[in-house]
Participant: 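Provided herewith is a single structure, encoded as structure tokens, for subsequent inquiry.
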Amino acid sequence: MAATTKPLILITGANQGLGFATAKQLASTGKYNLLIAARSQEKAEGAVKELQESSVEGSLTPIVIDLDSDESITAAAKFVEEKFGSLDILINNAGINRPANPNATLREAYRAVFETNVFGVVVMTSTFLPLIRASKYHDRRIVNVSSGLGQVGMALSPTSDYSAKVWDLPIYRSSKSAINMINAVDATILEKENILAVLAAPGYCRTNFGGGQGVKSAEEGARPLVRAATEGNPKELFGTLVDDEKTLVEFGW
């Protein structure tokens, strides 16, 4: 088992976009050891190599995690347990906004997005929770990447640029609304164990996820994820969503 004195952070979908930008910012501090997760070993190792070429500090370990596969998630947890013994911080970043099959039926489209964005995140958290519980780190956290598009109030807003009148996106929106509720329940249940479950919203970023469109760079979008994972008072962050502009109170959205 590898001995580590720095907090160990696992980031899903860390080979590109927001996940990669988050990993780069965390690694650049030299304060953390990172597990760089991707759907394949090749992608995970490629991301680690690129990060190392950026002269980042700290340990970088590639790990394969496919959120659509329980077997992949279980195998990843076993790997972390055998190599490190515990996990300090989990960032559930990986997600999709549409099915890979452009000819998918409506039911298939909803199922594909929810399989990754909701079911995959739930299984990730459940599977890795024993490792987080085993951690002796004083500030254990689970960060779930959400979106303003998942807020009911924003969808109904008559003035917001991100209302359903402008961007309908019912499948993606509803998947993030589900994550908001799951996080609310997890936060409530885990609070007594001093494990923070918190939401983070990167905003509309120019990544492959959004087809290269957006008002922010991936680097800018990653900042709320980094803050949610490593900054602030956990008691004050309970029930909130961390974004670029402010911290939004979750209850009453």
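We're numbering straight along the sequence, starting at 1. Quick caveat, the model's predicted, so the values are computed rather than measured. Every heavy atom of this structure was used, including side-chain atoms; hydrogens, water molecules and symmetry mates were not.
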Participant: Of all heavy-atom pairs between Lys176 and Val145, which one has the smallest distance, and what is that distance?
Facilitator: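 Taking every non-hydrogen atom into account, NZ-O, 2.8 Å.
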Participant: Of all residues at least two apart in sequence or in a different chain, which pass the salt bridge (charged side-chain N to carboxylate O under 4.0 Å, His left out) check with Asp139?
Facilitator: Arg141
Participant: Within the 3.5 Å criterion, strictly below it, is a donor on Thr22 or Asn93 matched to an acceptor on the partner's side chain?
Facilitator: no
Participant: Taking all atoms of both residues into account, what is the closest heavy-atom pair of Pro170 and Tyr110, and its distance?
Facilitator: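 In terms of heavy atoms, the two residues are closest at CB-OH, 3.5 Å.
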Participant: Kindly determine whether Asn144 and Ile182 satisfy side-chain contact (heavy atoms from CB on, under 4.5 Å), including the steps that lead there.
Facilitator: CA-CA 9 Å; Asn144 291 309; Ile182 290 165; 5.6 Å; no
Participant: Using every non-hydrogen atom in the two residues, find where Ala104 and Ala109 come nearest and quote the distance to one decimal.
Facilitator: CB-N, 4.1 Å
Participant: Is there a path of hydrophobic side-chain contacts, each under 4.5 Å between heavy atoms of I/L/V/M/F/W/Y residues, joining Val64 to Val80?
Facilitator: no
Participant: Could you go through the side-chain contact (heavy atoms from CB on, under 4.5 Å) check for Thr188 and Phe238 one step at a time?
Facilitator: CA-CA 8 Å; Thr188 302; Phe238 174 82; 4.0 Å; yes
Participant: Identify, with sequence neighbours excluded, every residue that meets salt bridge (charged side-chain N to carboxylate O under 4.0 Å, His left out) alongside Glu193.
Facilitator: Arg133
Participant: Give a yes or no on whether the backbone of Ala112 and the side-chain of Glu115 come within a donor-acceptor separation of less than 3.5 Å.
Facilitator: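 No; judged by distance alone, with no hydrogens or angles, the pair does not exist.
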Participant: Any heavy-atom pair between the side chains of Pro62 and Gln41 that's under 4.5 Å?
Facilitator: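 With C-beta onward as the side chain, the pair touches.
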Participant: To the nearest 0.5 Å, what is the distance between CD1 on Ile179 and OG on Ser147?
Facilitator: 12.0 Å
Participant: Going by the side-chain contact (heavy atoms from CB on, under 4.5 Å) test, name the single residue among Leu87, Ile91, Ile9, Ile65 that passes it with Leu35.
Facilitator: Leu87
Participant: If I compare all heavy atoms of Ser69 with all of Ser72, which pair ends up nearest, and what's the gap?
Facilitator: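 Smallest heavy-atom distance, with atoms named: OG-N, 3.0 Å.
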Participant: Distance check, rounded to the nearest 0.5 Å: Ser146 atom OG versus Asn180 atom CG?
Facilitator: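 Spacing of OG (Ser146) from CG (Asn180) equals 3.5 Å.
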Participant: Under a 3.5 Å cutoff, is there a donor and acceptor pairing between the side chains of Asn92 and Thr12?
Facilitator: no
Participant: Looking at CD1 of Ile11 and CD1 of Ile89, how far apart are the two atoms once the value is rounded to the nearest 0.5 Å?
Facilitator: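 Atom-to-atom, Ile11:CD1 and Ile89:CD1 are 9.5 Å apart.
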Participant: After noting the C-alpha distance and the side-chain angles of Glu108 and Thr105, does the key distance pass the side chain to side chain donor-acceptor pair (under 3.5 Å) rule?
Facilitator: CA-CA 5 Å; Glu108 290 168 342; Thr105 65; 3.3 Å; yes
Participant: Has Ser174 got a side-chain atom pairing as donor or acceptor with Ile171's backbone, closer than 3.5 angstrom?
Facilitator: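 Yes; judged by distance alone, with no hydrogens or angles, the pair exists.
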Participant: So Phe84 and Asn33, do their side chains get closer than 4.5 Å, heavy atoms only?
Facilitator: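 Asn33 does not reach Phe84 side chain to side chain.
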Participant: When rounded to the nearest 0.5 angstrom, what distance separates CG in Leu196 from CZ in Arg140?
Facilitator: 11.0 Å
Participant: Measure across Ala14 and Ala47 and return the closest heavy-atom pair with its distance rounded to 0.1 Å.
Facilitator: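 Closest approach of Ala14 to Ala47: O-CB, 4.0 Å.
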Participant: Can you confirm whether Lys192 is buried at NZ, in the sense that more than 12 heavy atoms of other residues, nucleotides or ligands lie under 6.0 Å from that atom?
Facilitator: yes
Participant: Among Leu129, Leu10, Asp70, which residue meets the side-chain contact (heavy atoms from CB on, under 4.5 Å) test with Met124?
Facilitator: Leu10
Participant: With side chains defined as the heavy atoms from C-beta onward, is the minimum distance between Thr240 and Leu199 less than 4.5 Å?
Facilitator: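 No, their side chains stay 4.5 Å or more apart.
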Participant: Identify the two heavy atoms, one from Ala77 and one from Leu131, that lie closest to each other, and give their separation to 0.1 Å.
Facilitator: O-CD1, 3.6 Å
Participant: Between the side chains of Arg39 and Asp68, is the shortest nitrogen-to-carboxylate-oxygen separation below 4.0 Å, so that they form an ion pair?
Facilitator: yes
Participant: Got a second to check how far Thr29's OG1 is from Lys6's NZ, nearest 0.5 Å?
Facilitator: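 Answer for the OG1-NZ pair, Thr29 versus Lys6, is 8.0 Å.
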Participant: Determine, step by step, whether Ile36 and Phe20 satisfy the side-chain contact (heavy atoms from CB on, under 4.5 Å) criterion, reporting the C-alpha distance in whole Å, the side-chain angles of both residues, the deciding distance to 0.1 Å, and the verdict.
Facilitator: CA-CA 8 Å; Ile36 305 298; Phe20 183 82; over 6 Å; no
Participant: Is it true that the side chains of Gln25 and Ser28 contain a donor and an acceptor less than 3.5 Å apart?
Facilitator: no
Participant: Checking side-chain contact (heavy atoms from CB on, under 4.5 Å) for the pair Tyr172/Asn117: CA distance, chi angles, key distance, verdict?
Facilitator: CA-CA 9 Å; Tyr172 178 71; Asn117 292 8; 3.9 Å; yes
Participant: Ignoring hydrogens and geometry, is there a side-chain-to-backbone donor-acceptor pair from Ser54 to Glu50 under 3.5 Å?
Facilitator: yes
Participant: Could you tell me whether the side chain of Val198 reaches within less than 4.5 Å of the side chain of Ile142, counting heavy atoms only?
Facilitator: no
Participant: Rounded to the nearest 0.5 Å, how far apart are CG of Asn15 and OG of Ser40?
Facilitator: 7.5 Å
Participant: Below 4.5 Å, heavy atoms only, C-beta onward: do Phe79 and Thr61 meet side chain to side chain?
Facilitator: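 Answer yes - side chains close enough.
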Participant: List the residues meeting salt bridge (charged side-chain N to carboxylate O under 4.0 Å, His left out) with Arg223, not counting sequence neighbours, and say none if there are none.
Facilitator: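 Scan of Arg223 (salt bridge (charged side-chain N to carboxylate O under 4.0 Å, His left out), adjacent residues dropped) gives none.
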